[in-house]
Every structure is written in C-alpha cells, then in structure tokens.
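Data first, discussion second: the structure below is written as structure tokens.
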Amino acid sequence: MQAVSGHAIWSSRFAFLMAAIGSAVGLGNIWRFPYLAGANGGGAFILVYILTIIAIALPILITEILLGRMGKASPIMSMRRLISAHGASGLWSIIGWGGTVGAFFVLSFYSVIGGWAIHYVTYAATGVFAGMNGDQAGALFADLTADPATLIAWHTIFMAVTVFIVAGGVKAGIERAVVILMPLLFLLLLGMAIYATTTAGFGEALRFMFDFRFQDIHPSTVLAAIGQGFFSLSVALGAMMTYGAYVDEKESISSSAIIIAIADTSVAILAGIAIFPLVFTYGLEPGSGPGLTFVTLPIAFGTLGSGIIVGIAFFTLLSVAAITSSISLLEPTVAWAEEKFTLSRVKLSILIGFGAWLLGFLTVFSFNHLAGFHPLAGLGLMKDKTFFDIFDFTTSNIVMPSVGFLMAVFAGWVLSSGVVAKALGAEKAVWFPFWRFLIRYVAPLGVISIFVANVLLPG
Ligand code: PFF
C-alpha cells in the first residue's frame, strides 16, 4: 500500500515497532550510554536520564511520530504540508531542515563507530581477545583508532551496507531481519549481564550505577542526559518522523512510543550492568570515554570458555543494531531527495551516503592525525573538542534538543488541541491532557532552562 506522497506503508504494526526499536536501539545504548554515565557520575546521570526520558524525550517521540503521520512524507515535506494546512509561519520548516541535516551529520560519525563494531567481529573470530588483560585490551583499541586506513576501510563497509539497504527500500530486507535480530541482541545482552553478576566488581558497579549522589548532578549532567535521551530514542532528527509517515492511520502512536521507550531504556541499563562490573573488576576507568565498551567486553570474552562464539555473536549483533539505526539516519534525506529530484532511489542513496562517508573522514582523523586539533578552540564549551567531539556534542546536545523543543511547541501551541487529539485518535483518552501539558510546558521549559543553566554555569 502507498501513502499519499508515494512512500510505502509498514506491512504491520509489529514491523513498524521493530523498525522503530531498531532505530532507537543502537550504538547509543551499548556504546554511548555506559561511557556517558561513567563520565557523568554514574547513578546521578542514570536517574536524571530516566526522568528526562519520561518527561521530555518520550512526549516528544509521540509528537514526532505524529507529525510524520500527519504529513505523510519526508520531514521537510511533512512540515511544509502541515505549515500550509494550518496556516503556520514558514519558519517552522526549520524542524524538517534541522532534523534532516542533523541526521546527515550523525550518520557521518555513526558509520565510523559502527565500523569499529564490525572490525571487532573479526578480532573476536580470530581469537585476538584470548587471555587479554585490561592494558592489552586498551592497547588493542588505541591501535585501531590510531590507524586511519583501517578506520576508513570499516567505515566504508558500514556505510556501503547502510546505503545498500536504504537503496533497496526498507521493507522486505530490513523488516524481516530486525524481527529476529533485535530479540537476539536483547537475549545476548541479558546473558552478558548475568555473567557480569559473577565477577568481583559487581557490587561496586551496582553502587556506581544506582547510588544517587545528588551533589553529582550539575547542569551539564542534565544536558548530557537530555541529549542522550534524544539520541537514544532517535528523537528530533527526522528519523522517527520519516518512519511515522509510513504508519497506518489506524495504529496507536502513543502505545507504540511507550513500547519503543521501554525497550530502548531496558537495553541501555542492561548494557550498563554488562559493562560496569568488568570495568571495576579489571581496574579500568569508568570515565574513560568512547573506548569503554570496546575495551571492557573483550576482556570478558577473552576469559570465557566459549568467548570466541559469544564475542562474535555480540559484536555481530552490535553491528546489526548499529545498521538498523544508521538506515533510519539516511532515510530522511533520501525520502526528501526522492520527492525533490527525478533520480532513482538507488542513485540518491548512493550520492547521499557518499557525502556522509566523506564527512566521516573528519571523525576518522579526530582519533589520530587531528586528535590534538580543536577547531573551535576559541569557543568556551567547545574549546578542547575534536571534530568528532564537536559533531557528537552539537548534534545531541544542541540540534536535537532545539529541534525537539520546536516540535513540542509546534504541536503544543501552533496546532489546536482538537486537531492533535483527532490525529492521535485520543479525543477521549485520559492521558491526552497530560501529554499535552508535557509538550506545552514541561518539555520546552525543561530544555530552555537547561540550556540557560549550561551557558551561565558551564561545567
Ligand atoms: N538511536 C540510535 C542509537 O541509540 O544508537 C542513534 C540514532 C538513530 C539517533 C537515528 C538519531 C536518529 F535519528
């Protein structure tokens, strides 16, 4: 079945859920969440993270899917349609543009990190992890990131797979794959979390993750938590809006969004439970940054009797989780280009993927040749950041919260209550006024106050 704009419609609600959970669950849960929690005080970060998911990211996720379904097109075109249908100012088109351009930037670095995951499959398969200690695992990761040629090779493979899937259309291949692979990833992670409970550092890890020391909560912790919530739920980059455009009118958006948020948060917490006990058992530094997952888990795989198999399985599934997210980062731009140009979907996917691939070189070099180069050294918050750090920080902590803020204000203040309730199929729902309160007041004010606090009280 085709939507009004010529785009496809998901074959079932389950397919949409798997694709959306596939988008949400990715490197953000298993790679980014643990290292951010590690660098931002552990329990304090996790508590704030969960609260901001409930109060801000989830209500905006509902909004984003809804705006997509109302517009039934790429984010840029959907916003244009909504603006003309409801007589809103043309300035609101920034929601579509900001998200789409942001997704393109995230794709550029996401593909480099996804490449690490694929490369680690080959390490696991060739027994590289056997008997490795913390220092050796750290050195293995440092050697990889110091080597631009290898990084580029895996970045190329990751981007090629992403382009291949998007070029072929999301339905047949991806819908079928995610249905099997996402539950498998969850089970494996559960197994690893159970293994982690048997290690010496388990108690310390639990204290680190669940002891809430309020003095650890700074404005920057809250900004990082909000940014991570957006990143992890794939909110505000147009990915969910594009997927929302392919959702059938009869389906309940709110319950789907709640399922997506619960699945996504459980995977992140489970990843923390799998990783932190090893961090403490092997005397590693929880705040060590982007290498955390790639340094800790190989140690466990190297110790386990069946480590080779589990290692291969884990990094394969991490790669798959990353791919099911990266396709949702490429899709918004491709959907827009399809509406705009007469070139085929295949050509457009290749062209746009090529652009993001090239941009990815700046991330590759951020870990080696340009590791000491801080392009925005004169700018307070950005002063000691590499290109990768700037892309990562700017998209998650500035672009996503700003676009999310605008989505909330647009749906909360520009569209009337009646229009939104009808589009959500929630005219009589008891939760509707509560959701509307969250997107009219809580989410926008929460985002603004945390921005202001970060500018006034940096660090
Ligand atoms: N949610 C993905 C993750 O956690 O890895 C990353 C992501 C995908 C962010 C799609 C944004 C997006 F639009």
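Both ligands and their constituent atoms are indexed starting at 1 by order of listing.
The side-chain hydrogen bond (donor to acceptor under 3.5 Å, both in side chains) pairs that include a residue from residues 15-25 are Ser23-Ser234, Ser23-Ser328, where partners are two or more places apart or lie in different chains.
Residues Glu331 and Thr242 have side chains that never bring a donor and an acceptor to within less than 3.5 angstrom of each other.
Within 4.0 Å of ligand 1, the residues that place a heavy atom are Ser23, Ala24, Gly26, Leu27, Gly28, Asn29, Tyr110, Phe231, Ser232, Ser234, Leu237, Ala239, Ser325, Ser328, Leu329, Met400, listed by chain and number.
Rounding to the nearest 0.5 Å gives a distance of 11.0 Å between OG1 of Thr221 and CD1 of Ile226. The structure places CD1 of Ile46 at 11.5 Å from OG1 of Thr265, a figure rounded to the nearest 0.5 Å.
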Please tabulate, for the side chains in residues 399-411, all donor-acceptor contacts under 3.5 angstrom to protein atoms that are two or more places apart in sequence or on a different chain.
from   : atom 1 : to     : atom 2 : distance (Å)
Ser402 : OG     : Ile398 : O      : 2.5

Ignoring hydrogens and angles, write down the donor-acceptor pairs under 3.5 Å from the side chains of residues 349-357, residues two or more places apart or on other chains.
from   : atom 1 : to     : atom 2 : distance (Å)
Ser349 : OG     : Arg345 : O      : 2.7
Trp357 : NE1    : Thr156 : OG1    : 3.0

